Amino acid sequence: MIESTAPDKVLARKKRKTSEVIEKSNMMEGNAVGENEPVSNFEKPWTMLVHKKVQPGWVAYNPDIMRPSSLLETANIIKMISWNVNGLRALLKRKDENSFLQLAKKENFDVLCLQETKLQEKDVEQIKQSLLDDYDNSFWTCSVSKLGYSGTAVISRIKPVSVKFGLGIPDHDGEGRLITIEFDTVYLVAGYVPNSGQKLERLSYRVQQWDPSLSSYLKDLEKKKPVVLTGDLNCAHEEIDIYNPDGNRKSAGFTDEERMSFEDNFLNRGFVDSFRQQHPQAVGYTYWGYRQGARRWNKGWRLDYFLVSDSIADKVYDSYIIPDVNGSDHCPIGLILKC
């Protein structure tokens with residue numbers, strides 16, 4: 001065994017330092033890194049390109065550098081936020097900097113759509129009292145077939161022209177999954193698409209009944225005004241939208257049947273995935289399971305969307321993900337639409 005001389009030790013330290021600088025540079029630029037890199041020690045893990053099958057040209061979605069500049073306050077726009085909160089009462093109890101109220105202050109949205117509120121109808125009035133000032137219009141639908149399950153809400157500072165709950169089909173409307181808000185120039189449909197289940201027990205219902213019914217409903221609305229569909233649509237459409245595609249071929253949200261249904265019923269019928277249109281090669285997740293520190297390691301899925309009628313796709317100024325907001329296993333997403 002030969003001991004290093006002093007110059008050798010200095011050289012070794014320089015090599016280690018250079019390696020650390022390169023590693024940090026890769027993290028900052030969103031370059032691909034191995035699974036064993038110290039993502040958990042990095043304060044913004046979403047800026048790292050973490051994917052099992054990285055393709056040439058893919059980059060990590062980083063809102064700090066990939067969002068367009070802010071529009072003037074006088075611009076005629078509507079700003080919408082959607083968030084699967086995974087239990088609204090629990091979220092409202094949070095006091096940390098990324099809580100519900102801080103999100104409202106940070107984003108200054110016009111409309112907020114919530115999914116998986118898990119409220120019962122008897123709880124709504126009390127919850128409404130603890131919500132936001134300056135948002136005088138709120139609309140809630142709760143599951144009546146299974147209490148404390150599912151549920152959606154829309155909170156708006158803009159007074160709508162009309163409001164409708166559900167699809168108008170009893171077989172679909174017992175779980176509080178859909179609210180339609182009519183504004184002057186657009187319909188906003190806030191939805192929470194049924195999960196196919198851990199054993200895919202609801203897969204056939206999802207792709208053979210729910211998706212086609214929702215698609216037909218949207219096309220009927222479109223005869224009058226363009227449509228924005230938002231919410232947790234429970235489908236990672238392409239391999240770029242999920243950290244481990246090969247390991248989830250038979251998992252709810254990434255089955256071939258769900259992905260084909262997503263295409264056939266929405267994308268092929270004139271609705272545009274606004275985020276993917278703006279960022280065709282960006283890996284950006286909106287959901288991370290609680291197991292094995294998935295969010296800390298940025299091993300996620302993109303399940304939340306703003307789909308827009310093709311006729312207004314060119315009016316989308318920004319479709320974005322807000323990955324730094326905690327409080328749920330999903331993060332919020334946003335859409336800025338020119339009116």
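Values below: all heavy atoms of this structure, side chains included; hydrogens, waters and symmetry mates excluded. A quick note: this is a predicted structure, and the numbers were derived from the prediction, not measured. FYI, the numbering just counts along the sequence from 1.
- Between His330 atom NE2 and Ile322 atom CD1 the span is 14.5 Å, to the nearest 0.5 Å.
- Contact of the Cys142 side chain with the Val124 side chain is registered, since non-hydrogen atoms from C-beta on lie closer than 4.5 Å.
- The shortest side-chain heavy-atom distance between Cys113 and Met80 does not fall under the 4.5 Å cut-off.
- Distance check, rounded to the nearest 0.5 Å: CG of Asn137 to CD1 of Ile158 gives 9.0 Å.
- Residues Val163 and Leu131 are members of one and the same hydrophobic cluster, defined by side-chain heavy-atom contacts under 4.5 angstrom among Ile, Leu, Val, Met, Phe, Trp and Tyr.
- When the side chains of ILVMFWY residues are joined at heavy-atom separations under 4.5 Å, either directly or via intervening members, Ile333 and Tyr317 end up in a single hydrophobic cluster.
- Between atom NZ of residue Lys299 and atom NE2 of residue His51 there is a gap of 12.5 Å, rounded to the nearest 0.5 Å.
- Within 6.0 Å of atom CD in Gln198, 12 or fewer heavy atoms from other residues, nucleotides or ligands are found, so the atom counts as exposed in its surroundings.
- When hydrophobic side chains of Ile, Leu, Val, Met, Phe, Trp and Tyr are connected at separations under 4.5 Å, Trp301 ends up clustered with Ile242, Phe254, Tyr287, Leu303.
- Note that the NZ atom of Lys225 and the OG atom of Ser311 stand 13.0 Å from one another [nearest 0.5 Å].
- Residue Tyr290 is not grouped with residue Val50 when hydrophobic side chains (ILVMFWY) are merged at heavy-atom distances under 4.5 angstrom, including chains of intermediate members.
- Using a distance-only test at 3.5 Å, with no hydrogens or angles considered, no donor-acceptor pair links the side chain of Lys79 to the main chain of Val111.
- Listed by chain and residue number, Phe109 satisfy the ring-ring contact (aromatic ring centres under 6.0 Å, His included) test with Tyr135 (two or more places apart in sequence, or in another chain).
- Residues His237 and Glu263 have side chains that bring a donor and an acceptor to within less than 3.5 angstrom of each other.
- Other residues, nucleotides and ligands place no more than 12 heavy atoms under 6.0 Å from the CD atom of Gln126.
- Side chain of Asp241 to main chain of Glu238: a donor-acceptor pair is present (N/O by atom type, distance under 3.5 Å, no hydrogens or angles).
- Between the side chain of Thr255 and the backbone N or O of Ser251 there is no donor-acceptor pair closer than 3.5 Å.
- Neither Trp140 nor Tyr149 shares a network with the other; the hydrophobic side chains, linked directly or stepwise wherever heavy atoms of I, L, V, M, F, W or Y lie under 4.5 Å apart, form separate groups for each.
- Phe275 has its ring centre less than 6.0 Å from the ring centre of Tyr61.
- Apart from Leu221 itself, the hydrophobic cluster it occupies contains Leu167, Ile169, Leu178, Tyr187, Val189, Val193, Tyr205, Trp210, Leu214, Tyr217, Leu218, Val227, Leu229, Leu233, Phe262, Phe266, Leu267, Phe271, Tyr305, Leu307, where clustering links Ile, Leu, Val, Met, Phe, Trp and Tyr at side-chain heavy-atom distances under 4.5 Å.
- By the 4.5 Å heavy-atom criterion applied to side chains, Pro332 and Leu103 are counted as neighbours.
- Of the possible donor and acceptor atoms, one in the side chain of Ser328 sits under 3.5 Å from a partner among the backbone N and O of Asn84.
- Of the possible donor and acceptor atoms, none in the side chain of Asp123 sits under 3.5 Å from a partner among the backbone N and O of Leu119.
- Here the side chain of Asn298 pairs no donor or acceptor atom with the backbone of Arg295 at under 3.5 angstrom.
- Looking only at atom types and distance, the side chain of Ser274 has a donor-acceptor partner in the side chain of Ser319 under 3.5 Å away.
- Under the 3.5 Å distance criterion, with hydrogens and angles disregarded, a donor-acceptor pair is assigned to the side chains of Arg269 and Ser215.
- Defined by atom type and a distance below 3.5 Å, a donor-acceptor pair is present between the side-chain atoms of Gln278 and Asp318.
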